[in-house]
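Single-structure report; data block below.
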Amino acid sequence: MRVLRQIQARLFTRPFPISTLSFALSKIVAFCALSSLGDIDYARRVFSRIPNPGIFSWNSMIRGCSLVENHSRESVYFFKRLVRRGYPCPNTFTLAFVLKACSIISACEEGLQVHTRVFRSGFGSSPFVQTALVNFYAKCEEIGLARIAFDEIPEKNLVAWSTMISGYAKVGLVNEALGLFREMQKAGVEPDEVTLVSVISACAGAGALDIGRWVHAYMEKQMIDIDLELSTALVNMYAKCGCIERAKKVFCEMPVKDAKAWSTMIVGLAIHGLSESALETFSRMEEAKVKPNHVTLLGVLSACAHGGLVSEGRKHWSSMLESRIEPSMEHYSCMVDLLCRAHLVDEACNLVEDMAIPPNPVILRTLLVGCKKNKMLDRGEIIAEQLLELEPLNAENYVLLSSLYASVSQWEKMSHIRKKMKDKGIKAVPGCSFIEVDGFVHEFAMGDQFHPETEELTEILREISEQVRDFGHKPFISDVLHKAAC
DNA sequence: CTAGGGTTAG
């Protein structure tokens with residue numbers, strides 16, 4: 001950068017022809033805006049001194065801004081300036097770059113305007129622009145529009161397929177993602193490591209272990225490069241599908257691990273209730289000098305909550321506050337859960353009262369559950385009032401409040417809440433679960449008898465609960481009994 | 001100078 005500044009200073013002190021000056025400056029802008037050694041603010045200053053910037057320089061600025069974190073809005077701003085000036089004319093590079101910026105900041109309005117410009121410009125046949133459009137709509141969660149843009153691509157290449165699969169996976173339409181992956185293979189397009197990241201991620205979301213395993217075997221057979229992102233996706237998939245041992249194996253074999261990889265492993269251990277292991281992994285991460293991020297701490301706190309490790313949790317909470325990680329709603333949620341599970345409901349309430357941001361319904365529900373378990377009627381009623389104000393139509397809130405009343409044997413108040421629900425036409429949503437076996441997803445809702453093997457399954461469940469009872473587990477059934485008594 | 005990727009609590 002120092003040498004560059006000297007060159008730039010000389011350019012202005014010598015009488016170079018305008019065209020030479022512009023050309024040299026455009027190269028400087030490109031370097032400063034796009035290289036990791038560059039400096040976007042410097043690029044901006046040099047850009048402003050180019051007498052008549054060509055499209056190449058505009059493109060460098062638009063792309064450069066979108067590459068720097070938190071600068072993507074300026075990227076869109078540069079594009080607007082370019083359009084207002086009327087020249088030079090945007091090309092396929094410009095459109096792809098600005099669409100990328102719009103997708104990063106979810107600028108739906110601006111992106112739509114770019115799309116109409118794509119129509120008029122005749123650049124709609126560029127595969128780069130087409131894919132950028134699909135990606136833009138997907139990132140704005142306009143998945144239907146993304147699909148329309150995708151279907152309009154006559155010659156779909158690997159990147160186009162990958163973009164659409166990733167779009168589905170990201171918005172949680174995991175079956176659509178897996179279905180499209182199958183279609184892609186039928187169309188004779190071979191996936192690469194980028195495609196497979198989204199496919200594995202979709203498997204994690206669907207709990208589709210069989211497909212995930214198959215894809216893992218496929219990539220080993222095809223000698224696909226299992227890089228950092230793909231390994232992380234695999235660790236996550238195995239953890240989410242219940243195979244914590246396989247997740248650990250993939251994780252251990254990773255040659256390099258960044259914060260996301262460590263976080264994935266820690267969260268995976270936490271959801272398996274392996275709290276000690278999760279904390280151990282966290283200290284190994286610190287030893288490896290990898291800086292934890294907000295997700296890492298979410299994993300650490302949830303591990304502490306699941307393991308009842310109150311003092312550990314408090315310790316990590318305060319060290320998080322000391323480091324530069326701002327506690328988010330999710331972090332508060334974990335901490336409140338940790339305290340409530342440890343019967344420290346008062347402390348949890350104090351924590352919530354000290355929050356800079358008002359608590360969301362999730363946190364209030366966690367507190368309410370804490371109140372119910374500790375038979376704290378008055379406090380619970382106050383929280384329920386806040387909750388019903390925020391979400392007057394959520395059945396879960398009424399069910400919780402009614403079970404609070406049940407826990408302290410306030411039957412009149414309980415039936416009053418039930419009546420209120422009925423009057424408002426609010427129905428409790430039955431709990432449901434699903435599991436994939438041999439590529440087929442079986443769904444179950446609370447009390448339904450729709451599955452063809454319901455009888456056999458009920459018998460197996462009965463045997464399992466007998467076994468856990470033999471191991472000394474006491475089911476928590478007082479709520480159920482109270483409801484039955486009413 | 002173009003387009004696609006991993007982790008988020010209850």
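Treat the numbers as computed from the prediction; the structure is a model and nothing was measured. Below, chain A is the first sequence line, B the second, and so on; all start at residue 1.
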Within the structure, does a side-chain N or O atom of [X] lie under 4.0 Å from either OP1 or OP2 of [N]?
{"X": "A:Lys139", "N": "B:dA3", "answer": "no"}
{"X": "A:Asn360", "N": "B:dA9", "answer": "no"}
{"X": "A:Ser201", "N": "B:dT7", "answer": "yes"}
{"X": "A:Asn236", "N": "B:dT7", "answer": "yes"}
{"X": "A:Lys170", "N": "B:dG6", "answer": "yes"}
{"X": "A:Asn135", "N": "B:dA3", "answer": "no"}

Calculate the interatomic distance between [X] atom [atom1] and [N] atom [atom2]; express it in whole Å.
{"X": "A:Glu229", "N": "B:dG4", "atom1": "CD", "atom2": "P", "answer": "13 Å"}
{"X": "A:Phe282", "N": "B:dT8", "atom1": "CZ", "atom2": "P", "answer": "17 Å"}
{"X": "A:His294", "N": "B:dG6", "atom1": "NE2", "atom2": "C1'", "answer": "13 Å"}
{"X": "A:Met184", "N": "B:dG4", "atom1": "CE", "atom2": "C1'", "answer": "11 Å"}
{"X": "A:Arg341", "N": "B:dG10", "atom1": "CZ", "atom2": "P", "answer": "6 Å"}
{"X": "A:Leu228", "N": "B:dT7", "atom1": "CG", "atom2": "P", "answer": "12 Å"}
{"X": "A:His216", "N": "B:dG6", "atom1": "NE2", "atom2": "C1'", "answer": "14 Å"}
{"X": "A:Asn397", "N": "B:dG10", "atom1": "CG", "atom2": "P", "answer": "18 Å"}

Looking at [options], which one has an atom nearest to any side-chain atom of [X]?
{"X": "A:Asn157", "options": "B:dA3, B:dG6, B:dG4", "result": "B:dA3"}
{"X": "A:Glu330", "options": "B:dT7, B:dA9, B:dG5", "result": "B:dA9"}
{"X": "A:Phe97", "options": "B:dG6, B:dG5, B:dA3", "result": "B:dA3"}
{"X": "A:Val159", "options": "B:dA3, B:dC1, B:dT7", "result": "B:dA3"}
{"X": "A:Phe128", "options": "B:dT7, B:dG10, B:dA3", "result": "B:dA3"}
{"X": "A:Ser302", "options": "B:dG10, B:dT8, B:dC1", "result": "B:dG10"}
{"X": "A:Ala96", "options": "B:dT2, B:dG4, B:dG5", "result": "B:dT2"}
{"X": "A:His306", "options": "B:dA9, B:dG5, B:dT7", "result": "B:dA9"}
{"X": "A:Asp227", "options": "B:dT8, B:dG10, B:dG5", "result": "B:dG5"}
{"X": "A:Lys240", "options": "B:dT7, B:dG6, B:dG5", "result": "B:dT7"}

**OP:** Look at the aromatic rings of A:Trp58 and A:Phe47 and report parallel, tilted or perpendicular, splitting at 30° and 60°.
**Re:**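 Rings of A:Trp58 and A:Phe47: perpendicular, as their planes differ by over 60°.
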Original post:
Relative to the ring of A:Tyr238, is the ring of A:His216 parallel (under 30°), tilted (30 to 60°) or perpendicular (over 60°)?
Top reply: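 Tilted: the ring planes of A:His216 and A:Tyr238 meet at 30° to 60°.
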Subject >> Neighbour count >12 (heavy atoms, 6.0 Å) for atom CD, A:Gln185 >> reply: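 Yes.
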Subject >> Residues, nucleotides or ligands: over 12 heavy atoms within 6.0 Å of A:Arg85 CZ >> reply: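 It does: A:Arg85 CZ has more than 12 such atoms within range.
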What does [X] touch in the nucleic acid at a heavy-atom separation under 4.0 angstrom: a base, only the sugar-phosphate, or nothing?
{"X": "A:Ala305", "value": "nothing"}
{"X": "A:Thr232", "value": "base"}
{"X": "A:Glu193", "value": "base"}
{"X": "A:Ser231", "value": "nothing"}
{"X": "A:Thr92", "value": "base"}
{"X": "A:Leu230", "value": "base"}
{"X": "A:Leu133", "value": "nothing"}

Original post:
Is any N or O donor-acceptor pair between the side chain of A:Thr163 and the base of B:dG4 shorter than 3.5 Å?
Top reply: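 Not at all, since no donor on one side and acceptor on the other fall under 3.5 Å apart.
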**OP:** Ignoring hydrogens and angles, answer whether the base of B:dG10 and the side-chain atoms of A:Ser333 contain a donor-acceptor pair closer than 3.5 Å.
**Re:**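 No.
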Original post:
Taking atom types as modelled and ignoring hydrogens, do the side chains of A:Thr195 and A:Ser162 form a donor-acceptor contact shorter than 3.5 angstrom?
Top reply: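 Judged by distance alone, the side chains do pair up.
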Original post:
What do you reckon, do A:Phe93 and the base of B:dC1 stack, with centroid distance below 5.5 Å and planes below 30°?
Top reply: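 A stacking contact exists, since A:Phe93 sits close and nearly parallel to the base ring of B:dC1.
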**OP:** Identify the heavy atoms of A:Glu391 and A:Asn394 that sit nearest to each other, and give their distance.
**Re:**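 Shortest heavy-atom separation between A:Glu391 and A:Asn394 comes out as OE1-ND2, 2.9 Å.
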Original post:
Does NZ or CZ of A:Lys257 come closer than 6.0 Å to the centre of the six-membered ring of A:Phe251, within 45° of the ring's axis?
Top reply: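 Yes, A:Lys257 lies over the aromatic ring of A:Phe251.
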Subject >> Criterion side-chain contact (heavy atoms from CB on, under 4.5 Å) against A:Phe78, the qualifying member of A:Ile62, A:Val83, A:Val98 >> reply: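 Passing option: A:Ile62.
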